[in-house]
Amino acid sequence: MMRIQKILRAGVAGAMVSLIAASAYAAGGAAEKMTPDADVAKLPGVVLKQKLADGLPPSIKSSGVLKVATDLTPPISFHGEDGKLIGIDADIAAALGVILGVDVEMTDVGAGAAIVPSILAKRFDLSISGINDDPELEKQVDVIDYMYDATTIMTIKDNPLAIKGMEDLCGKKVAVPVGTFQAKMVEAASAKCATPVNIMSIPKMPDVLQAVRTGRADATVNGYATSVYTTEHQTGNGKGLQALPDIRLAVGYLGMLTAKDNPQLRDSVVAALQQMVDSGAYETIMKKWSLGPLAVKTVKVNDAASMPAD
């Protein structure tokens with residue numbers, strides 16, 4: 001069993017993140033209506049639950065549309081070859097639309113730092129974007145914990161610098177997404193180094209991975225789910241990447257976000273997700289994207305503090 005370390009409690013720095021988010025949001029894509037692919041549509045549990053549809057907030061029932069924010073982190077959410085949003089989140093979003101009886105419009109907001117401000121500003125009703133839950137985040141929004149994740153280190157294939165842990169990043173060039181939990185981890189590790197980490201903060205996850213592929217960065221500290229998927233399904237130009245399998249840090253939840261003043265939506269989404277879990281549809285989607293071990297058995301809300309420490 002790999003060693004589990006306590007999640008770093010990384011909050012969102014309001015003014016700076018809002019500024020970053022404003023530009024990132026402007027650079028995001030258009031809303032895309034999510035309809036389930038045939039393999040998802042036929043799953044047990046992906047059926048209308050009228051009681052849950054009736055429990056949605058009046059504004060969503062009136063419009064018939066659930067507005068969802070995401071950003072690109074394969075296999076959580078990313079663009080397929082045809083430009084369509086695909087991944088775990090796309091499949092779950094489409095299934096939620098069926099269960100709740102609404103159209104789901106999903107928008108790539110351009111960068112993870114845009115997600116929280118976009119929910120607080122009511123641009124979107126919900127985010128489905130694989131954001132790491134932590135107690136500081138829960139002070140700002142409600143977090144629906146819908147899958148597990150951890151953190152690992154990624155290097156180019158064969159790990160030529162023989163990186164074995166966070167301490168080996170000292171003096172190295174490490175790419176991280178702006179404003180993320182993993183960025184905070186690298187900052188904390190750098191503070192312990194005799195030679196600090198050269199931290200490269202990059203807005204979009206695909207560009208973080210590309211920085212390592214092309215040699216601009218020596219490594220990235222990244223979500224375990226993304227790292228495992230990327231190792232198995234190489235994309236992009238440059239050298240291949242690999243996750244370091246013996247490094248599994250900061251085990252915790254990934255969460256969907258809703259506004260604190262929107263408990264009706266939160267509770268409807270939790271119940272719809274639990275319907276998917278109980279029917280087996282959710283686990284099937286997770287296995288489809290090679291992440292079955294990260295599936296939750298019960299959908300919880302604001303549960304970050306329960307995760308195990310050292």
Side-chain angles (χ1 to χ4, degrees), residues 1-2 4 34 36-46 70-96 106 108 112 128-133 145-159 177 180-182 204-206 208-210 212-213 219-236 238-256 273 276-299:
M1 179 66 75
M2 290 181 244
I4 297 174
M34 307 307 297
D37 292 338
D39 61 335
V40 174
K42 69 183 181 182
L43 292 174
V46 183
T70 194
D71 72 311
L72 304 183
T73 307
I76 310 300
S77 184
F78 62 112
H79 288 135
E81 292 182 0
D82 59 359
K84 179 182 175 182
L85 279 170
I86 60 174
I88 291 171
D89 287 352
D91 284 346
I92 289 177
L96 286 175
M106 202 168 196
D108 166 23
I128 311 180
S129 59
I131 286 182
N132 296 91
D133 190 5
D145 297 315
Y146 73 111
M147 64 179 288
Y148 295 111
D149 198 12
T151 294
T152 191
I153 297 172
M154 291 198 79
T155 68
I156 60 172
K157 190 175 179 181
D158 298 326
N159 189 16
T180 59
F181 168 100
Q182 285 81 16
K204 299 182 180 182
M205 178 57 71
V208 169
L209 298 179
Q210 192 65 8
V212 182
R213 289 186 189 284
T220 179
V221 175
N222 200 4
Y224 200 85
T226 296
S227 300
V228 169
Y229 184 86
T230 301
T231 299
E232 295 178 357
H233 305 272
Q234 299 287 340
T235 59
K239 297 182 179 180
L241 300 177
Q242 73 174 62
L244 303 185
D246 292 334
I247 300 173
R248 192 178 182 207
L249 310 171
V251 174
Y253 290 114
L254 298 183
M256 303 179 184
L273 285 169
M276 293 174 62
V277 170
D278 293 342
S279 69
Y282 162 82
E283 186 175 14
T284 299
I285 290 171
M286 294 291 288
K287 288 180 176 177
K288 170 184 174 180
W289 296 101
S290 304
L291 294 179
L294 300 181
V296 298
K297 299 299 183 185
T298 303
V299 181

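Atom CG of Leu291 sits about 10.5 Å away from atom OH of Tyr224, to the nearest 0.5 Å. To the nearest 0.5 angstrom, Asp145 atom CG is 5.5 Å from Tyr253 atom OH.
The side-chain heavy atoms of Pro177 and Thr180, taken from C-beta on, include a pair separated by under 4.5 Å. Residues Arg213 and Leu241 form a side-chain contact, since some pair of their non-hydrogen atoms from C-beta on lies under 4.5 Å apart. Leu273 has its side chain within reach of Ile92: a pair of non-hydrogen atoms, C-beta onward, lies under 4.5 Å apart. Side-chain contact check for Met256 versus Asp89: every heavy-atom pair is 4.5 Å or farther apart. Put simply, the side chain of Val221 does not reach to within 4.5 Å of the side chain of Met154, judged on heavy atoms. In this structure the side chain of Leu244 reaches within 4.5 angstrom of the side chain of Asn159, judged on heavy atoms. You'll find the side chain of Asp71 stays beyond 4.5 Å of the side chain of Lys204, heavy atoms only. The closest side-chain heavy-atom distance from Met205 to Leu72 is not below 4.5 Å.
Test Leu249, Thr220, Ile247 against Thr152 for side chain to side chain contact (heavy atoms under 4.5 Å, CB included) and you get one pass: Ile247.
Closest approach of Thr231 to Ala243, counting heavy atoms only: OG1-N, 2.8 Å. Taking every heavy atom of both residues into account, Pro44 and Ala281 meet most closely at O-CB, 3.2 Å. Taking both residues in full, the closest heavy atoms of Gln242 and Asp158 are given as OE1-N, 2.6 Å, listed atom of the first, atom of the second, then distance.
Annotation: side chain to side chain donor-acceptor pair (under 3.5 Å) contacts of Thr73 (sequence neighbours excluded): none. Remark: Ser129 pairs with no residue by the side chain to side chain donor-acceptor pair (under 3.5 Å) rule, at least two apart or across chains. For Thr284, the side-chain contact (heavy atoms from CB on, under 4.5 Å) test picks out Leu43, with sequence neighbours left out. Taking Thr151 as the reference, Gln182 meet the side chain to side chain donor-acceptor pair (under 3.5 Å) condition, with sequence neighbours excluded. By the salt bridge (Lys or Arg N to Asp or Glu O under 4.0 Å) test, Asp149 pairs with no residue at all, sequence neighbours left out. With sequence neighbours excluded, the residues forming a side-chain contact (heavy atoms from CB on, under 4.5 Å) with Pro36 are Val40, Ala41, Ala94, Val98, listed by chain and number. Applying the salt bridge (Lys or Arg N to Asp or Glu O under 4.0 Å) test to Lys288 and every residue at least two apart in sequence or in another chain returns Asp39, Asp91. Partners of Tyr282 by side chain to side chain donor-acceptor pair (under 3.5 Å), not counting sequence neighbours: none found.
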Side-chain donor-acceptor pairs of residues 78-88 under 3.5 Å, sequence neighbours excluded:
{"residue": "Asp82", "atom": "OD1", "partner": "Lys84", "partner atom": "N", "Å": "3.0"}
{"residue": "Lys84", "atom": "NZ", "partner": "Asp37", "partner atom": "OD1", "Å": "3.1"}

Any chance you could lay out the side chain to side chain contact (heavy atoms under 4.5 Å, CB included) test for Val296 and Tyr146, step after step, and finish with the verdict?
-> CA-CA 7 Å; Val296 298; Tyr146 73 111; 5.6 Å; no
Could you walk me through whether Val277 and Thr298 pass the side chain to side chain contact (heavy atoms under 4.5 Å, CB included) check?
-> CA-CA 7 Å; Val277 170; Thr298 303; over 6 Å; no
